[in-house]
Every structure is written in C-alpha cells, then in structure tokens.
Amino acid sequence: MSQEQHNIRPPRFAKWLLESFCSYDFLSTALWDLEELFHQNVKNKGITKARLLYTIEVFGIITHLFFKGKSQYSVNKTAMLKHNLIITFRSFKRYKSSFLINLFGLATGLASALLIYLWVNNELNMNHFGEKDSTRHYQVFINNNYSDRVETQEKITFPLPDALEEDFPEVEYTIPVILSPFYEGVLSFEDQFFRADPQYVGDRYFDVFSCDFLAGEKASAWSDQNNVVISESMALGLFRDVDQAIGKTVFFKNKTHSGNYLVSGVFRPDSKASSKFDLLLTYDLFLSKRPKVMNWWNEGPLGHVVLSEGVELDQFNVKIKDYLKTKVKGTQQTLFAQKFSETYLYGVYENGSPTEGRIVYVRIFSLIALFVLTIACINYVNLSTAQATRRIKEIGVKKAVGAQRSVLIYQYIAESIFITFLSLALAIGIIFLLLPQFNEITGKQLSINLDPGISIPILAITFLTGLISSIYPALYLSSFKPVLALKGKMRRDSGGRWLHKGLVVFQFAISVVMIISVTVIYVQIRFIQASNLGYDNQHLISFRMEGKLVDNAEAFVTETKKIAGVVNASHLWGRLPGKVSWRSNLQWKDQDPELKSTIFHFIDGGHEMAKLLDVEIKEGRFLSEDIPSDKTSIVMNETAIALIGYKDPIGQKFWTGEMCTIVGVVKDFHFEGMHEEIKPFFFKLGSKGNTFMVKIEAQNQSETIEKLRDLYHGFNPGYPFEFTFVDDSYQNLYLEEERISTLSKYLSAIAVTISCLGLLALTAFSTQRRFKEIAIRKVLGSSSLNIMRLLSREFVLLVILAMVIAAPIGFYLMKNWLEDFAYRIELEPIYFILSCLFMLAIAWLTIMSQIANSTKVNVTESLRTEG
Amino acid sequence: MKKVTLGAFEELVLLTAGVLQDNAYGVTIKLELERQLNKKISLGALYSALQRLEEKGWVNSRIGGITEKQGGRRKQYYDITKEGMMALDEVRAMRNSLFDRLPQTAINLLK
C-alpha cells in the first residue's frame, strides 16, 4: 500500500453504521469485501464515486440483514430494534383510533408550530444583512424633548451625517438614505413607464445593505452622479431583459429630481430588507439639485452610520446625546443610536429610547405555537397513560424475562419519537397545502426548504416534541411491578390521576383563553370597521397630483365636477386617513403657554373639502367660494375649540402662520384611525396640493372612473392613473390587526380541535372500561339519561374548571390588547359567557358522541364477556 | 417438511461459486455475476443469498486471508458442496425435461 493510499479511507459514517448493526464475524467478512471493492472503485471511478458506492452497499447490507437475514449475523441491538418496531406497528394496527388521534393531533400541532416558526424565523432575520460592515451598522435618531413628552423621529438634519463623521472618531462613515413617498415618481424608457419609488443613498450603501446585483458591478455603480440602479421588476418591465438594461439611459421624473439617468446596475430586492424601493440614486445627486436643504433645521435623511471596530454603543450614546446643542443654540433635540438590525423588531420608542414593537407579535405567536404544541403533547401523554392496561401484560413479560427498566424507557421514548416523525411527514404535507394561504395572511414569502437554517430546527422541534411527550408515559409504564403487571392489575396512584385531570384542565384552559381572545379581537375589529367615523368615506377616491396637473389643479377639478356620476371633487394637501398636514406653534387669544407646542392637524384644499367629506356642521358655516375673505377663514373641529376654550368661537381670531378667522365649527370626525384620539383639527383654504379627492355616485362606478381616467390622461399624459378608495385605505390601517385576528382564529380552531380529539379518546376509553358497570346499572333499571349524566359528569366538571381558570387570564390579556386603541369596546361579560358556552357545547358534544353509543350497549353480551 | 428449493438468484450464485472454484468470495462472485448478468448486484443481496445457501448446506464457507490488524478483516470463501452440485443438477434436469416437452411449433417460433 503506497503512502498516498493511506489517506484514502472509506466513509467513516457508513463504517460506523455497519459496525453497529453486524455481528463481529460477519462484520469482518463484509469489511474485507467492501474495502477490496472500494479500492478497486477508487482506481477506476475516483474517490467520490467510490465513497458513494461504499455507502450504498452498506445500506444494502443493512436492509438485507434487517428484513431477510438471520439473527446470528446481526447484533442484539438490531434484533431489539426490529422487535420494538414490530410491537409498535402492531399496537398502531390494533388500536387504530388512538393511533390516528395521536397522529393527527401531533401532525396539526406540529404543522401550526412549524408554520409559526417559519414566520418567526423570518421576522427575527429581518434587516440582518451579511455585508462587509453590517455588524457595525447603527442608526442615529433624534429625540424631541417637549415639556410633557419625548418624541422620537427617524429623519435627521441634513448636515448631521457629515458632522458626525468629522467630529466623532468612533464613526467610521455614514450612509445617509433619503426615502419618502414625497419623492415618488415615474420611470420611463421610450414609451414604457412605471411608477417608481426611489431612495437616495450614500455611496457606501452596499457595504451594509444587502442588495443582490443581477447585472452591473457594485463597485462601479456610483461612478457617476447621474447613475441609477434599478430593480429587477423595473428592468424587466422597461427592457424585457435584465442584461439589456445596463448602459441604457432612462428618464425619471418626480417633484425634485427629474432627468436622464444611466442604468449602472440591476438588483433583486433582498427578502430580508424591510424597506421596499424600485431604484437607487445617489445622495450627492439629491444634494446637488437641492443645495438649500443643507442647514440645521431641515430634516430629511435617515442616519445610518458604521461605527469603528470595538465601539461600545452605550458609551457612544452618552457622547452624542447633547451633540446637537453645540450646533444649534437652544435646541431641545438630543441624539441616540440603535443597532440597525434591531430597528425592525424594536421600533417603538418611548421616552426617547427603543422599547418594543413587532417583537411583541413575535413573542405572542411563539407562545401560541408553544401552547398548541403542548396541547398535542398532552393528548399523547394522556392517551398513552390512560391506555396503559393495554400494554401491561407486555411490560410484565418483558420485566419477568429480565428487561431492565431503562430498556423499557428507551422503548417508549423511541416509539413516541417514531410517531412524532410520522406526524412530521404528515405535517409537512399540511404545510405545503397551507403555505400559500399562510403567506397571504402574513403578507410574506415564506417557503419550506432543505436550507439547514430551517430544516435542522424543524427536526429539532420534532425530536423534542417526541421526547417531551414521552418522558412521563415512559417513566409511568416502566414502573409497574412485574408480578402485579402479569396479573393485569394496575397500580392505582392518585398522583397520576391528578396529573391526568390537571393536563386536561390545562388543555381546555388554553383553548378557552384563545376563544375568548378571538371573540374580543373580532368584536373590536368589527367595532372599528363599522363605527361612524364622522365623515363619509364610501365611494370616495383619491389620487396623486403630479406632472402637469400641479399647475392645472383648479381647472382639472372644475372639469372633473362636470363628469356625470361625479358628486364632488377637490384638491388638497395630504391624504385620508391619517396623512394630513400638521403644525405646532399656533397662537390664539389668552393662550396657555403650555399649549404652545400642541399639534393642530389641518387639511388645506379647495372650498368644497368639508362638504366632500360630508362632515356635520355644528355652528357657523363651511368655507365658501363666494366670500372672498374666506382665504383667511378656517373651520375647526370640536376638540380644537374645546382646547382653545372659546365660548363663542365664530368670528374669533386664530393665528396659523397668518391671522385667520373662525367661521364654522364641525363635529369631531376620525381623520386618523381608531388607534388615535381625535386631535385638534381645522379646514383651511389652500391652493394646489398633492392629492385629488373625488366623490362619485354609487351607481356605474366603473364608467365614471373610466371617464375620469380619460380626463386625467388628457390633462396629464405620461403618468399612470392610479387611485385608491378611501374606505379601502382605512381598512388597510388595520391590516396588522386583521392578520392577527385571522391567524388567531385558525390557531384557536386548531387548539380546540386537538383538545377535543384528546377528550374524545379519553371518554371513549373510560366508557369502554365501564361497560360492565353500565350493563349492571341498566339491569337494575337505570335510564339512559342517568347513565349519560353519570359518565359525562367528570369530564364536564373538568372543562368547567378550565373555564374558571381561563376567564381571568383572558380578561387580563384582552384588557392589555385593547389598551392600544383609543376607541375600544368594553369587555362585557357576555363575551366570556359566550366563549365558555361555545367551548362547553363543543366539549359536551364530543363526550356525548361517545357516551350515547355506550348506553345502547347490549346488556347480556357485555355481562357475559370476561374482561 | 417443506421441500428445500433453489431460488433463481440462489441458483446463479451457487453456479458462480462453483465456476470460481477456489477463489469464490464476496467480491469475486459479485463481479463475475455482474459481468454475466450485465446489471448491478448489491453485496447485501449476495450475502443473504450465500447465507441461505449455507444454511441449506449447499455451500461451505472457509476463512482465508485474515489481517493481523486490530478490528481485522477476513476473507470468507464459499465452496460448493456435493449436495449443492446435486441441487444444481436436479434443477437442470427438471428444466431439460420441460424443454424436451416443449411442442415443435413453439420451438419453430425461435427459428
């Protein structure tokens, strides 16, 4: 054997496998043959192929040994394994119903847990990029310290990035990023055009943000200020082909940076990135076209920074906190930094520091997944211990022959892990079926694949499920005394029975909590959707004012009103719901100085704005076209008047940057979502705007919209006509809640189903054991009703106990959840009563479906049989 | 008692072991069979056939070429026994007699 061949060894794993299955004599024969073949194969076919062939041969030998061979060639372990497998299969076959209940219970439990795992895994990895400097990537925020509150904002002032880089050695470099719906525009090439969302980014953007290039080079992407990097979908839309795009000149038009740009790269958006955009332009370009923004009171870019190696965030935060005071005299603003990858999950800021955010949902759903899985495990535990009598003889014989307790424990654990893996196979089938719907609900693109980041945790979860659910049954079953066991006598210990009942109570308590939550969430969402907003958002469409329309807004509105089917139309700044203008530092007579920083929201637009929204006038009048002085008139809402404190508001003065007169008061309406309190608000006249709102008649909507589209294209060629219905946008505010509602609905249905499956099996089993008792009672004249009551009492009591435990927990959880809403339902007892009744009805039906059968038992038959 | 029978694959293995004479062990039988049958034979299938043959007493195994190393390997040779030869003969005779009884028309189909 040459020196070289020494390194050529058969695969170790295959050899180990063979060793653990074959008896010594047979092993040495097989090894000789295998190795001779292996060395021949190495010579003829190469090392990789040879190793593969070796492994295949080993598997062949083992399967032949296992299924066809004689025991003298294999080790005892193999024989035991074979025996245990046979026993397992036999018990599956014999007790089909409990096997199927275990299988389906575990499979649905696993499927829902794994789906949620996929979602949680995706959420946890959001914005975790693997680029060169991603680990040192932080984001700087500004805190506005008001007398009564701290408000955190993402946008930092324009000179700040450069100043940070200059004044702090800890800052290696900064990547200013500008993104705002304000800069949205249209990207066109020849006669193709698409709406596009740009980001203006610093030139080292690609060192921290992951962004796969399909064409072009990252290094040279920013070689010129007029370069643009576009997304794959843009490239395909404009050029039909990704490679075609490179080097082409495209035209981009928006409010500030219209011009020709050279495509230097095409990227595929990273699924881990939370911010979505269609094209990247340089930050330098942004500044060169808007040089006036460069001052300490203009806010725009997001402050992405990369800190040097080894900088502690806490120390850095202390250093930068009061930095702005050195630049702007008397500012109330302070700075802090947060790790960028954490901004996604911990994106809610309280008192100027990050607290929670989406992580709450991650926690809630992880917990729910855990609970559903626990319910499935409990089924397994309860079924296997309740049915211990079925296996008691087997245990007795094994112990009498000399099996140690550990052998029995291993056997039951292995059996349970085996059945969990069977369930996993079923669960994966379920996941494949449900994944499209699940993606729709969660708004994500999840997939299940062999990626070790996903498959290994899935196997681990499955393994743990099997292990945990089998520990108690294994200990319990293996503890029987052989003599008693052979006689078929069970050890009656009260501890085991209590555990049994406790687990059932636990299962149903979780189910009841989930039903209560689903009920309350559902009612709250219905409340939000159905409650009177104070304005009419039906048949109201809104679309952007852009291109030539900016200059012809009034004319366009006049023409629009002439279309048959259009009720009213107006131009305005801002969008409903929620995105309206606001300002502070307003002044009025006898103003409380503390109220100076109070924010007033307002809509400035056409005369008809308030009428268009159909808000109700309380005092005075709406703004009117016929009264020239209305240029400086305003119409306020009740909240604003109450805040100002005017007794007789009509005709009073109010300073909004110019002196205005209050001419009307409208009733409060929800210009934001129901999460928010109604805030001080006023209507004002304004020229131009950035949005059009059109109220159309309920009939012939599509025709009206077609006419509107024609008119739009006549006024504004080269821009797509894209509109939204205001009531749809309002519903979208509650997308997150809708998702939670839908998900929790499904999950609680699963929890209830699994719990009831377990209950079904338990009742079936306990009534079966009491057949004789039932028969004797019948002989003595007991009615079917009596027997049913007798048999169901125990389980019904357990379910009721579960409700008593669950109700306060559900109350507490739902009270917490509702606190996020400014307008919410009261937690009426009826929700709890209904949920409990629902659960009770289902549990009772489950129990009855079993018991009803057993009361029809043939008295003579069951008394005659021994058992 | 059930009559001991010789399966088709067993027959091939037995024949090969006989043909290879003194040099019949796992690898050589496998390679020879593969050459004759023109398909892959797994060692597992071969071993189980050989083990069955040995049980029936149609082959004898003997050990040769033991390595001295720990966890050593050994070559296990299989020699066909007299009973093995008889079993082969019986199968062949049975086949021949069946062939002889094949009607002339069927044989003509071959031509």
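The figures here come from the full heavy-atom set of this structure, side chains too, leaving out hydrogens, waters and symmetry mates. So that the names make sense, note that chain A is the first sequence line, chain B the second, and so on, each numbered from 1.
Residues A:Thr29 and B:Ile63 form no side-chain contact, since every pair of their non-hydrogen atoms from C-beta on lies 4.5 Å or further apart.
Few gaps surround CZ on A:Phe421; more than 12 heavy atoms of other groups in view lie less than 6.0 Å from it. Within a 6.0 Å sphere centred on CZ of A:Phe59, heavy atoms belonging to other residues, nucleotides or ligands number 12 at most. Enclosure of atom CD in A:Gln404 is not indicated, since only 12 or fewer non-hydrogen atoms of other residues, nucleotides or ligands lie within 6.0 angstrom. Within 6.0 Å of CZ in A:Arg405 there are more than 12 heavy atoms belonging to other residues, nucleotides or ligands.
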### Task
Starting from the C-alpha separation in whole Å, work towards a yes-or-no answer on side chain to side chain contact (heavy atoms under 4.5 Å, CB included) for B:Leu43 and A:Leu37.
CA-CA 10 Å; B:Leu43 270 182; A:Leu37 271 178; 3.9 Å; yes

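Ionic pairing of A:Glu36 and B:Lys30 is not present here: no N-O contact between side-chain nitrogen and carboxylate oxygen is shorter than 4.0 angstrom.
Of the listed residues (B:Ser42, B:Gly26, B:Gly44), the greatest number of heavy-atom pairs within a distance under 4.5 Å of chain A belongs to B:Gly44.
A distance of 7.0 Å separates NZ in B:Lys40 from CG in A:Leu53, rounded to the nearest 0.5 Å.
Looking at B:Ile41, only its backbone comes within 4.5 Å of chain A, counting heavy atoms on both sides.
Of all the heavy atoms in B:Leu31 and A:Gln40, the pair that sits closest is CD1-OE1, 3.5 Å. Heavy-atom minimum distance, A:Phe26 versus B:Arg74: N-NH2, 4.4 Å.
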